[in-house]
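Note sheet for the following structure.
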Amino acid sequence: GDGYVWVATESGLNRITGKWSNTIPTTENGSGQHISTLHHHAASGLMLIGLEDGLCAYDYKHGKMIRLGESDGLINYSIDDIATANDGGVWLIYGNGRVQHFNCNTLKAKEQKLNDYHGNRCGMDDGMGHLYIGYAQQGMGILNLANGTMTTFTHRSGDETSLPGNNVRCIFKDNHGRIWVGTDHGLALFHPEDGVFTKVTRQA
């Protein structure tokens with residue numbers, strides 16, 4: 001939002017400003033900086049940094065790195081994705097199948113109750129009361145945030161209207177409200193009104 005380019009590496013966070021790049025450590029001793037995802041939360045002025053063992057929030061306007069942990073309600077596990085929540089917060093998508101809602105004002109996390117836990121890879125809030133979760137091997141789930149029910153979609157051999165692959169790597173909603181799902185067997189357009197997929201790419 002301020003024109004910077006942010007790069008996450010195994011040695012920490014980097015901010016590129018024109019021709020210059022400065023490294024911003026997430027820890028005082030420089031260890032444990034393996035970053036899995038970044039998320040810019042414009043309203044709070046924070047760069048959220050998902051790590052292999054938790055979360056950091058970098059207040060880039062004041063140059064302050066905030067390390068968050070169990071005392072803030074977080075789980076000591078890898079955060080694989082951070083997704084915008086419809087209420088102004090974010091969703092923390094953990095690799096062990098757990099999901100939390102994070103308030104960027106209070107810097108506190110709250111567990112989202114799920115009936116089943118799968119290896120998560122990504123998440124997407126559709127802004128209409130549903131949280132989409134992409135799994136590493138079990139397809140895609142859609143959580144109804146109002147009643148807590150989960151609907152799961154998987155690849156079915158021979159069914160061209162099913163999810164192309166069960167390793168869902170990214171889920172994206174475009175400006176026209178269409179939902180795209182990227183899998184290990186190609187990209188598909190999802191039709192939530194009837195629960196079917198239209199595959200748009202071939203497997204390489």
Side-chain angles (χ1 to χ4, degrees), residues 6-10 34-40 48-55 75-86 89-102 111-204:
W6 301 81
V7 182
T9 77
E10 72 279 6
H34 296 278
I35 300 171
S36 51
T37 185
L38 295 175
H39 182 90
H40 177 229
L48 301 176
I49 307 161
L51 304 168
E52 289 184 340
D53 61 351
L55 181 72
I75 302 166
N76 185 22
Y77 204 84
S78 173
I79 296 174
D80 283 19
D81 194 19
I82 302 174
T84 300
N86 190 46
V90 298
W91 296 103
L92 304 179
I93 311 297
Y94 290 87
N96 63 356
R98 295 171 73 178
V99 174
Q100 289 189 313
H101 180 273
F102 183 73
E111 187 86 6
Q112 173 64 51
K113 185 179 179 180
L114 301 172
N115 293 328
D116 297 307
Y117 294 92
H118 304 287
N120 296 335
R121 292 202 67 163
C122 60
M124 189 273 295
D125 189 324
D126 70 353
M128 301 176 65
H130 303 95
L131 177 63
Y132 287 63
I133 304 173
Y135 303 129
Q137 296 297 333
Q138 290 83 24
M140 181 182 78
I142 302 178
L143 175 65
N144 186 316
L145 296 170
N147 58 28
T149 59
M150 178 76 79
T151 305
T152 304
F153 298 88
T154 59
H155 173 70
R156 298 185 298 273
S157 180
D159 185 352
E160 295 185 355
T161 68
S162 71
L163 189 68
N166 285 324
N167 186 340
V168 176
R169 302 181 179 184
C170 53
I171 306 171
F172 183 79
K173 184 176 181 179
D174 67 21
N175 291 334
H176 299 283
R178 296 172 298 196
I179 296 173
W180 303 88
V181 183
T183 79
D184 55 337
H185 288 277
L187 175 69
L189 179 63
F190 177 60
H191 306 279
E193 63 278 2
D194 50 18
V196 301
F197 298 81
T198 302
K199 189 174 181 180
V200 297
T201 63
R202 295 181 179 272
Q203 184 181 5

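Numbering of residues begins at 1 and proceeds along the displayed sequence.
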Would you say that [X] contacts [Y] through its side chain, given a criterion of any heavy-atom pair below 4.5 Å between the two side chains?
| X | Y | answer |
| --- | --- | --- |
| L38 | I49 | yes |
| I75 | E111 | yes |
| I179 | M124 | yes |
| V168 | C122 | yes |
| R169 | D184 | yes |
| Q112 | H101 | no |
| F197 | M140 | yes |
| Y77 | D53 | no |

Does the [X] side chain pair with the main chain of [Y], one donor and one acceptor, at a distance under 3.5 Å?
| X | Y | answer |
| --- | --- | --- |
| T149 | N144 | no |
| T154 | G139 | no |
| N120 | I93 | no |
| T201 | L187 | yes |

Where do [X] and [Y] come nearest, in terms of heavy atoms and distance?
| X | Y | answer |
| --- | --- | --- |
| L48 | I82 | CB-CD1, 3.9 Å |
| L189 | R178 | CD1-CB, 3.8 Å |
| G141 | Y135 | N-CE1, 3.5 Å |
| S78 | S36 | OG-OG, 4.3 Å |
| F190 | V196 | CD1-O, 3.5 Å |
| D174 | H176 | OD1-N, 2.8 Å |

Working to the nearest 0.5 Å, report the span between [atom1] of [X] and [atom2] of [Y].
| X | Y | atom1 | atom2 | result |
| --- | --- | --- | --- | --- |
| I79 | I35 | CD1 | CD1 | 11.5 Å |
| L55 | T37 | CG | OG1 | 10.0 Å |
| K173 | H130 | NZ | NE2 | 10.0 Å |
| N96 | H118 | CG | NE2 | 13.0 Å |
| N86 | D125 | CG | CG | 5.5 Å |
| T183 | I171 | OG1 | CD1 | 11.0 Å |

Quick one: do T152 and Q138 satisfy side-chain contact (heavy atoms from CB on, under 4.5 Å)? Show the steps, please. CA-CA 9 Å; T152 304; Q138 290 83 24; 5.9 Å; no

I'd like to know whether CG of D194 has more than 12 heavy-atom contacts from other residues, nucleotides or ligands below 6.0 angstrom. yes

Give the ring-plane orientation class for H185 versus H155, where under 30° counts as parallel, over 60° as perpendicular and anything between as tilted. parallel

Member of I133, N167, D81 meeting the side chain to side chain contact (heavy atoms under 4.5 Å, CB included) criterion with R121: N167

